[in-house]
Amino acid sequence: MSSDAKFSQSMPSWRLWLPLVLQTALIISVPAGAIFIHLTGKTAILQTAPVDPYDLLRGYSQTLSYDISRRETLEKLPGWKELTKDKRYQEPIALYVILEAPETQISSERPLAWRAVKVSRDRPTNLPFNQVVLKGLLRYSTVTYGVESYYFPEHQRQLLNDEIERAQLNRGQQGKRQPFVVEVKVDAEGNAVPVSLWVRDRNYRF
């Protein structure tokens with residue numbers, strides 16, 4: 001009997017299947033975490049930043065940014081100076097943004113966006129029922145929250161593209177492109193997953 005055959009017989013079987021189990025668990029844990037946030041997280045509405053109507057869905061995904069993705073939006077909030085006073089801007093800065101629900105809501109149209117009220121280096125706790133905290137990462141002048149990319153079925157792609165284009169080309173009273181809002185679910189740690197996108201009065205589920 002060859003030495004390779006003797007080695008394979010003497011090697012415990014768990015050394016073969018354990019790496020496969022760990023790899024499978026790792027693959028499953030990523031969507032499982034998103035599903036858990038989707039089922040148990042708190043709903044919040046994010047205001048998107050206007051996009052170019054000629055640079056929309058490519059392939060099956062849409063990439064968006066938000067008002068709170070911009071440094072110039074956050075630097076107006078309480079807590080910004082404390083967050084950045086001892087940091088160099090070329091370094092990524094972890095932060096938390098507190099969002100507050102609007103006092104009134106129009107039930108027959110798209111939901112109103114939640115307003116950013118504070119930024120913090122540490123995760124706030126014991127927030128009132130009308131607030132959530134969103135975890136982000138500041139790189140230079142842009143903040144990402146992990147909810148910037150969305151994937152759509154092929155049959156929805158062109159319909160959504162056309163709807164966004166009509167909304168963006170239909171400028172408001174000040175001549176600006178009309179933004180839209182995204183519904184997300186947020187857990188207690190500040191992690192978020194996208195749930196749906198509202199373009200005018202139409203809702204598209206992810």
Please walk me through it: do L112 and I45 pass side-chain contact (heavy atoms from CB on, under 4.5 Å)? CA-CA 7 Å; L112 298 177; I45 306 298; over 6 Å; no
Could you state the interatomic distance from CZ (R70) to NZ (K76), rounded to the nearest 0.5 Å? 10.0 Å
Roughly how far, to the nearest 0.5 Å, is CD of Q47 from CZ of R115? 14.0 Å
Could you see if Y96 belongs to whatever hydrophobic cluster contains W80? Use Ile, Leu, Val, Met, Phe, Trp, Tyr and a side-chain cutoff under 4.5 Å. no
Would you call [X] and [Y] a side-chain contact if the rule is heavy atoms closer than 4.5 Å?
X: L197; Y: F180; value: yes
X: E82; Y: R121; value: no
X: L46; Y: W114; value: no
X: V182; Y: L64; value: yes
X: V186; Y: V133; value: no
X: R71; Y: T142; value: no
X: V195; Y: T43; value: no

Counterpart residues, side chain to side chain donor-acceptor pair (under 3.5 Å), relative to K135 (two or more places apart): N191
With E183 via side chain to side chain donor-acceptor pair (under 3.5 Å) - residues at least two apart: S196, R205
Give me the atom names and distance for the closest heavy-atom approach of K118 to P78. CG-O, 3.3 Å
Work out which heavy atom in A44 is nearest to a heavy atom in V132; give both atom names and the distance. CB-CG2, 3.9 Å
For A116, check side-chain contact (heavy atoms from CB on, under 4.5 Å) against everything at least two apart and list the hits. I68, L77, V97, L99
Side-chain donor or acceptor of T48 paired with backbone N/O of V181 under 3.5 Å: no
